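Here is the structure we will look at.
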Amino acid sequence: MEKVFNSSAVEAKIYEKWERSGAFQPKKPKSPKQPFCIIMPPPNANEDLHIGHARFVAVEDILTRYHRMKGEPTLWLPGADHAGIETQYVFEKKLKDEGKSRFDFDRETLYQMIWDYSMEKKSRMESQLRALGASCDWTRNKFTLDPAIIKIVYRTFKKLFEDELVYRGNRLVNYCTHCGTAYSNLEVDHVERTDPLYFMKYGPFTLATVRPETKFGDTAVAVNPKDKRYVEWVGKEIEVKGLLGKFKIKVIADGAVDPEFGTGVVKVTPAHDSVDWEMGRRHNLEVKQVIGLDGRLNEKAGRYQGLTVKEARRMVAEDLQKAGLLEKVDENYRHSVAVCYRCKSVIEPLPMEQWFLKVVPLVKKALVAMGKGEVKFTAKRFDKIARHWYANLYDWNISRQIVWGIRIPAWKCGKCGEWTITAGETPDRCSKCKSKEITQDSDTFDTWFSSGQWPFATLQTSQKGDFEFFYPTSLMETAYDIIPFWVIRMIMLGLYETGKVPFREVLIHGLVRDKEGQKISKSKGNVIDPLVMVERYGADALRMGVVWGAKVESDIALSEENIRGQRNFANKIWNVARFVLMETNLKSKILNLKSKNKDDQWILKEIKTTIEKVTKALDTYRPNEAVEELYEFVWHRFADIYLEKTKSRRAEAQPTLELVLKESLKLLHPFMPFVTEAIWEELGEKEMLITSPWPKA
RNA sequence: GGUCAGGUAGCUCAGUGGUUAGAGCUCUCGGUUUACAUCCGAGUGGUCAGAGGUUCGAAUCCUCUCCUGACCACCA
C-alpha cells in the first residue's frame with residue numbers, strides 16, 4: 001500500500017467497477033424487505049454542478065448506500081431537468097455574446113440549438129455526479145424532455161382539462177417584457193426602491209400614484225366606503241381634465257383603498273395593476289389595456305403611443321406639470337417593485353389569455369394527506385411552511401411564451417374559437433365544429449408543471465413494475481427554497497394523478513455558505529467549485545465536508561480547511577489499514593474472538609456502541625451526528641488509543657484489529673465510499689464493500 | 001404588516017430533561033527513525049443572549065425582553 005491515500009488515482013476506477021457490477025441497480029426479486037427509493041431532484045441541464053448540489057448528492061448517496069447495505073431493494077433514480085426559462089435565459093445570454101438574438105431563428109432551429117447546448121451540459125453534469133460518487137441507477141436515468149415523460153405530462157394536462165381543473169382564462173399575468181413571457185406569482189421577486197410619488201389633480205380630487213403613465217387605462221376612481229370626506233361622490237360620475245382632453249369617470253367605494261394613504265383617493269387601472277384588477281371585477285369595470293407586450297404604450301395613449309413605460313412616465317409627468325395638473329411630487333417614496341426573478345426587469349401586470357390550473361381542489365386533498373401523516377416533513381417547521389404556501393396559493397398560470405419546453409397540446413379553432421386538447425397527438429379538426437382551421441398554441445408549459453409530476457412520471461416510464469414497487473417513494477430530499485415551486489406541487493399532482501402521495505417523507509436541506517456564513521454567489525467571488533475540491537482533496541473529503549458540523553436542515557458554513565481536515569481523516573483510515581495489513585498474513589484469519597484481553601474487550605464494546613449510534617443517526621436523518629461519532633471512534637479511540645496499545649502484543653491483537661477495521665469500513669462506507677472500497681480491495685475481500693451487509697450491534 | 005429560524009469556546013457548529021456542556025478549525029507548549037507530519041501528547045478558551053417560571057434536576061420545557069437572519073404580502 002502507498003504511504004498516503006491517493007484519491008485521484010483510484011476514484012474513477014472504483015466508480016466504474018461499482019457501476020459495471022450493477023451494484024447501483026435495485027435487487028428487487030422477492031425480498032421481504034420494504035424497498036427504499038429516492039427520486040433525485042433533477043439538476044438543471046444548463047450548468048455545472050455547484051457546491052449546493054454536492055450537499056444533496058452527499059446526503060442522498062449516504063442514505064442510499066446505507067439502505068442498500070441493510071439489504072433493502074434500493075433505488076436512487078437520477079435525472080436532469082430541461083429547466084425551461086432558466087435554460088433559455090442562459091442560452092440567450094450566450095447568443096447575445098455572439099451578437100445574435102432569439103429572433104434571428106425560427107422556432108424549430110432555436111429549439112434544436114438549445115437542445116444541443118443542453119445535451120452537452122447534461123452529460124457534463126452527469127459525469128460530475130459520478131465524480132462525487134453518486135450511486136444512482138444510471139440504467140434508469142431520466143430527462144424531463146424524454147418522449148415518454150412528455151406523454152405523461154400530456155396525459156395529465158388532458159385529464160385536468162376534462163376535469164375542468166385547467167381553464168383558458170383572460171387574467172392579469174406577470175409579464176416580463178424583456179424575457180417575453182408571463183410568469184407565475186412565484187417567479188416574481190420584489191425589490192425595495194425609491195420612486196417619485198406624483199400627486200395629480202383628477203377632477204375634483206387629488207390622488208397619488210407612482211404610475212401616471214397608466215392613467216389612460218383608468219376606468220374608475222376609488223375611495224374607501226368609510227371615508228367621510230368623499231362620501232358624497234360615491235356612485236357619481238366626475239368630469240376630469242386630462243392630457244388627452246376631458247373625460248368622464250365613475251367614483252366607486254372599495255375596502256381595498258387605504259384612506260390613510262396619500263389623499264385617500266386612487267385611480268383604478270384594471271389592466272395594469274392587480275389590486276385594480278380585483279376591484280374591477282368587483283365593480284364590473286372596463287379593462288382598458290394601454291401597455292402592450294412590447295412594454296410600450298399603445299394607440300389608446302394618443303400621442304404617447306410607442307413610448308416605453310419609463311419614457312412615458314417622465315413625459316406624462318412633465319406634461320401634467322405644464323398643464324397645471326400636478327400638485328406635488330414626493331421624491332423619496334419607498335415602495336417595493338415586482339421584478340423578473342431571472343433578468344430583474346420590472347414586471348408589467350398585463351391582461352392575457354393563458355392556461356390556468358385551479359389549485360384549490362388539489363390543495364384540499366394535499367392538506368388531507370398531510371393531516372393523515374401520509375406525507376411527513378422530517379422537521380416540523382417545513383410542514384408549517386408547506387401549509388402556509390397551500391393557504392396562499394392562487395390559480396397557477398402554467399403557460400410560458402418560450403420555445404424551450406413541452407409545447408402545450410392545445411389547438412384553437414379559427415372558426416368557432418374552441419380549444420381542442422389532446423394527449424399529445426395532432427388533431428386534424430376542431431373537436432366542436434369539425435373545422436380544419438386549427439392552430440396549436442405556441443406556448444410551452446411552466447417547467448414546474450412537468451417536474452411536479454416527476455416522481456410518478458419517472459417510475460411509470462422506467463422498468464416494468466417499478467411504479468408498483470417503488471411508489472410512493474420513501475423520501476424526497478431537496479432544498480428549502482423550492483418547497484413552494486416543487487414539493488407542494490408534487491404532492492398535489494401526485495395525489496391527483498395516482499391517488500397516492502408521491503413520497504412518504506420530506507427531508508429538507510439547508511444551503512451551503514462560505515466559511516464566514518455568507519451566501520455563495522459569483523458576484524461575491526466566494527464560489528467553491530465542488531470538482532476542484534474533489535481533485536484537490538478527493539470526493540470522500542468533500543462529501544464529509546458538506547455533511548460535517550451542521551444538521552441537514554440548517555445552512556452550513558463550508559471552509560476549505562474543513563475539507564482538508566476530512567482528507568486527512570481519509571488518510572488516517574488508510575494508514576490504520578496499512579498498519580493492520582502490515583505485519584500479518586490475512587490468510588490466518590482467526591474468527592474466534594473470545595479474547596480475554598482488557599483492551600480487546602474495550603474496543604469491541606466501543607465499536608458496538610458506535611454501530612448503534614451511527615445506525616440510529618442515519619435512521620433519524622442526522623448524518624452529521626453519525627459522521628462525528630465515526631471520526632471520534634476511528635481516529636481517537638481505535639487508532640490513537642487501541643492501536644497504539646496493540647504494538648506490544650501485535651500477534652495476539654491481530655484478529656480484533658482486523659474485525660474492528662472491517663466493521664469501521666462498513667460504517668464509514670456510505671460517507672466515504674472511495675477510500676473504504678479501496679481498502680476493502682486491499683483486504684482481498686471477494687464481495688465489494690458497497691454491497692456488503694450493514695454491521696449489527 | 002405577517003410567518004419562520006437562530007443567539008452555546010476566538011471562528012463554524014453539535015448537543016433538546018440527568019455526572020464536571022462537546023467537536024472541527026485556530027492558538028500555546030512538548031514530542032516523533034519504527035501505520036500516518038495529511039502525525040502524536042498536553043493545554044488555553046464558555047454567565048449556554050437576558051429576565052422570570054415549571055422541575056429533585058434546565059443549554060434543553062413555558063412566558064416575556066433584546067439582537068441577527070430568511071421568507072411571504074394587493075404599501076396605490
Side-chain angles (χ1 to χ4, degrees), chain A residues 1-7 172 185-186 189-190 192 195 197-199 207-212 214 221-222 254 256-258 260-269 272-279 333-338 349 379-385 387-389 391-392 394 480-481 483-484 510-511 513-519 537-538 541 544-545 548-551 553-583 617 622 624-625 627-629 631-632 635-636 639-641 643-644 646-647 657:
Chain A
M1 285 173 88
E2 300 283 325
K3 197 171 176 184
V4 293
F5 174 58
N6 186 353
S7 57
L172 213 56
N185 292 345
L186 296 181
D189 282 344
H190 296 270
E192 276 273 308
D195 280 310
L197 180 64
Y198 303 94
F199 285 77
L207 56 78
T209 181
V210 284
R211 303 202 60 183
T214 63
V221 169
D254 194 291
V257 181
D258 177 4
E260 308 285 317
F261 186 90
T263 59
V265 185
V266 33
K267 66 193 202 62
V268 185
T269 323
H272 300 293
D273 182 282
S274 57
V275 180
D276 293 7
W277 173 267
E278 291 302 324
M279 262 195 253
Y333 177 61
R334 296 283 298 169
H335 66 149
S336 87
V337 179
K380 271 191 206 122
R381 68 172 192 268
F382 296 118
D383 184 273
K384 279 189 195 166
I385 288 173
R387 284 171 191 278
H388 175 257
W389 277 107
N392 293 293
Y394 304 96
Y480 64 58
D481 52 343
I483 292 174
L511 303 174
R513 296 167 176 274
D514 74 5
K515 64 176 175 181
E516 272 95 36
Q518 296 291 307
K519 206 164 176 171
Y537 304 107
M544 288 290 275
W548 181 271
K551 288 177 284 200
E553 293 88 349
S554 309
D555 290 356
I556 199 166
L558 180 66
S559 65
E560 192 163 340
E561 292 82 56
N562 187 343
I563 300 172
R564 194 187 305 130
Q566 299 303 335
R567 188 271 318 265
N568 296 352
F569 181 45
N571 190 54
K572 188 74 191 179
I573 301 165
W574 179 259
N575 273 287
V576 168
R578 207 151 80 92
F579 176 83
V580 172
L581 288 174
M582 191 164 236
E583 295 188 22
R622 295 173 187 203
N624 57 313
E625 288 179 30
V627 143
E628 284 185 42
E629 171 64 21
Y631 189 97
E632 167 65 23
W635 198 321
H636 302 303
D640 290 345
I641 299 173
L643 190 146
E644 287 302 324
T646 64
K647 285 182 177 171
L657 278 169

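Throughout, protein chains are lettered first and strands after them, A, B, ... in sequence-line order, and every chain is numbered starting at 1. Computed from a predicted structure; not experimentally measured.
Under the 30°/60° scheme for interplanar angles, the aromatic rings of Y480(A) and F382(A) are found to lie parallel.
With values rounded to the nearest 0.5 angstrom, M544(A) atom CE is found 16.0 Å from Y537(A) atom OH. The distance from the NZ atom of K3(A) to the CG atom of N575(A) is 9.0 Å, given to the nearest 0.5 Å. Note that the NZ atom of K519(A) and the CG atom of L511(A) stand 6.0 Å from one another [nearest 0.5 Å].
Across all strands shown, C4(B) forms a Watson-Crick or G-U wobble pair with G69(B), both key distances being under 3.5 Å. Across all strands shown, U16(B) forms no Watson-Crick or G-U wobble pair with both key distances under 3.5 Å. Across all strands shown, C75(B) forms no Watson-Crick or G-U wobble pair with both distances under 3.5 Å.
Atom-to-atom, CD1 of I483(A) to C1' of A5(B) comes out at 12 Å; the value is rounded to the nearest Å. Computed from coordinates, the I385(A) CD1 to C4(B) P distance equals 9 Å when rounded to whole Å. Spacing between atom NZ of K519(A) and atom C1' of A70(B) amounts to 8 Å, rounded to whole angstrom units. Protein atom CH2 of W635(A) is 7 Å distant from nucleotide atom P of C25(B), rounded to whole Å. The nearest whole Å value for the distance from the CD atom in E561(A) to the C1' atom in U38(B) is 14 Å. Rounded to whole angstrom, the span from the NE2 atom of H636(A) across to the C1' atom of G24(B) amounts to 9 Å. Nucleotide U16(B) holds its P atom 13 Å from the CD atom of E553(A), rounded to whole Å. When rounded to the nearest whole Å, the span between CG of N624(A) and C1' of G22(B) equals 14 Å.
The side chain of K384(A) lies closest to C4(B) when the candidates are C4(B), A14(B), C36(B). Of all nucleotides listed (A35(B), C25(B), G15(B)), A35(B) comes nearest to the side chain of A639(A). Here the nucleotide nearest the side chain of Y631(A), chosen from C25(B), U38(B), A14(B), is C25(B).
At distances below 3.5 Å, not a single donor-acceptor pair connects side-chain atoms of D276(A) with backbone N or O atoms of H272(A). Checked by atom type and distance alone, the side chain of N571(A) pairs as donor or acceptor with a backbone atom of F5(A) at under 3.5 Å. Judged purely by atom type and a 3.5 angstrom limit, W574(A) has no side-chain atom pairing as donor or acceptor with the backbone of M1(A).
Within the 4.0 angstrom heavy-atom criterion, no nucleotide atom of any strand lies near E278(A). Residue N571(A) is classed as a base contact, given a heavy-atom separation below 4.0 Å to a base. Looking at heavy-atom distances under 4.0 Å, W574(A) makes no contact with the nucleic acid at all. Among the heavy atoms of the strands lying under 4.0 Å from L643(A) is at least one base atom, whether or not backbone atoms are also near.
Each of R381(A), R387(A), K380(A) was compared with D383(A) under the salt bridge (Lys or Arg N to Asp or Glu O under 4.0 Å) criterion, and only R387(A) meets it.
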Protein-nucleotides 73-76 of chain B N/O pairs closer than 3.5 Å?
unit_1 : atom_1 : unit_2  : atom_2 : d
C75(B) : O2'    : Y333(A) : OH     : 3.1
C75(B) : N4     : E192(A) : OE2    : 3.4
A76(B) : OP2    : Y333(A) : OH     : 3.0
A76(B) : OP2    : H335(A) : ND1    : 3.2
A76(B) : N6     : D258(A) : N      : 3.3
A76(B) : N6     : D258(A) : O      : 2.4
A76(B) : N1     : D258(A) : N      : 3.0

Close N/O contacts between protein and nucleotides 19-21 of chain B (under 3.5 Å):
none

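In this structure, T646(A) does not reach the A35(B) phosphate: none of its side-chain N or O atoms is under 4.0 Å from OP1 or OP2. The side chain of R567(A) places no N or O atom within less than 4.0 Å of a non-bridging phosphate oxygen (OP1 or OP2) of U38(B). Dashed line: the shortest gap from a side-chain N or O of K572(A) to OP1 or OP2 of C40(B) is under 4.0 Å.
Comparing C74(B) with U16(B), their C1' atoms sit 41 Å apart, to the nearest whole Å.
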